[in-house]
Amino acid sequence: MATLKEIAQEAGVSQATVSRVLNEDPTLSVKEETKQKIFEIAERLEYKTSGARKGVHKSKLHFLAVYAYPQSTEVNDPYYLAIRYGIETQCARLNIELTHFYNGAEGRELSAVDGILVIGHLPAERLAALHSLSAQLVFVDCRSQGDFDSIDVDLALISQQVVDFFMAQGHQRIGYIGGQDDGPDLRELAFLDYGQRLGVVQESDLYRGDFSSASGYKLAKEMLAGDWPKALFVASDSIAIGVLRAIHEKGLAIPQQIELISVNDIPTAKFTFPPLSTVRIHSELMGSQGVNLLAERLRDERDIPLRVLVPSKLTLRGTTR
């Protein structure tokens with residue numbers, strides 16, 4: 001039985017082009033004579049598509065989105081809601097059936113699907129169980145665990161950019177207020193490592209709780225009870241909202257007496273008082289591009305893993321000078 005590689009070699013094109021032509025991909029731009037040549041070679045070599053080899057015709061893909069956090073997290077932090085929205089929007093655009101599964105929904109039966117989107121970090125035993133449902137996994141908002149595709153943002157680079165900005169402002173002591181899930185947050189690790197090497201960060205100025213506004217308020221109150229740093233890197237906008245309240249209660253002027261930069265640029269960031277300076281992460285794009293990676297991997301039968309980094313942008317508003 002012929003393979004895509006054999007057809008591609010004879011036609012003088014890539015395997016991906018052959019796959020997209022034979023699966024009648026409407027987005028493919030290729031000469032008509034090239035298409036005809038591929039179809040003729042495939043017919044002569046008696047090539048059959050994967051659906052035909054299985055004796056079935058699958059008209060619609062079915063993806064499973066598995067979230068490493070409970071659904072209530074989306075209420076507390078719009079960043080996660082935007083990821084789901086991007087996934088849902090792109091699946092609808094590509095006519096892909098989508099099932100959601102949140103952490104904390106134990107007991108729900110799962111059946112085999114065409115591909116799985118893993119959002120966040122899951123323990124190895126859960127990943128093994130998911131892999132038994134589908135060999136095609138794409139990780140969203142985290143680094144790939146194994147030979148799988150992933151789409152993420154460079155949190156280490158963001159931390160370095162924030163430190164560089166504050167140093168350029170003349171700050172020689174920079175604090176951090178963040179959260180922690182199953183393990184150390186990459187933002188915090190990079191911030192500590194980079195800041196210590198430059199002599200502007202010390203471990204005693206690191207405060208961590210969870211990723212809620214309540215946690216940010218509590219940690220900031222604790223920090224402001226002593227000798228506090230005059231520049232703060234806050235791990236998320238949701239945490240920063242609580243931090244702002246604590247600073248206001250302390251009677252400090254922002255940004256004259258204390259400055260802060262957070263991460264995500266959620267919709268409410270521009271409406272806080274003062275408006276948050278924050279690093280914008282395109283979380284909706286991470287969701288939609290995760291769907292695209294999974295669909296493309298299935299379509300082209302690609303087995304080489306890809307890692308995609310979504311760019312970020314520092315947006316300066318009222319919490320910095």
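Values reported hereafter were calculated over all heavy atoms of this structure, with side chains retained and with hydrogens, waters and symmetry mates removed. As the structure is a prediction and not an experimental result, all values here were calculated from the model.
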Set of ring pair (Phe, Tyr, Trp, His ring centres under 6.0 Å) partners for H171, sequence neighbours left out: F166
Distance in Å, I87 CD1 paired with L117 CG, rounded so as to fall on 0.5 Å steps: 5.0 Å
Which residues share a side chain to side chain donor-acceptor pair (under 3.5 Å) with E284, sequence neighbours left out: none
S14: side chain to side chain donor-acceptor pair (under 3.5 Å) partners, not counting sequence neighbours: T17
Under the ring pair (Phe, Tyr, Trp, His ring centres under 6.0 Å) test, residues paired with Y176 that sit two or more places apart: F191, F233
Side chain to side chain contact (heavy atoms under 4.5 Å, CB included) partners for L133, two or more places apart: L64, L110, I116, L130
Co-members of M223 in a cluster of I, L, V, M, F, W and Y side chains, linked at under 4.5 Å: I177, Y207, F211, L219, L224, W228, L232, V234, I239, V243, L244, I247, L252, I254, I258, L260, L276
Side chain to side chain contact (heavy atoms under 4.5 Å, CB included) partners for E88, two or more places apart: R84, L98, H100
All ring pair (Phe, Tyr, Trp, His ring centres under 6.0 Å) counterparts of F273, not counting sequence neighbours: H248
Sequence-distant partners of R297, side chain to side chain donor-acceptor pair (under 3.5 Å), two or more places apart: Q136, D149
All pairs passing side-chain hydrogen bond (donor to acceptor under 3.5 Å, both in side chains) where residues 286-296 contributes a residue, at least two apart: Q90-N292, Q289-N292, E296-R302
Cluster companions of V75 among Ile, Leu, Val, Met, Phe, Trp, Tyr (side-chain spacing under 4.5 Å): none
For T73, side chain to side chain donor-acceptor pair (under 3.5 Å) partners two or more places apart: none
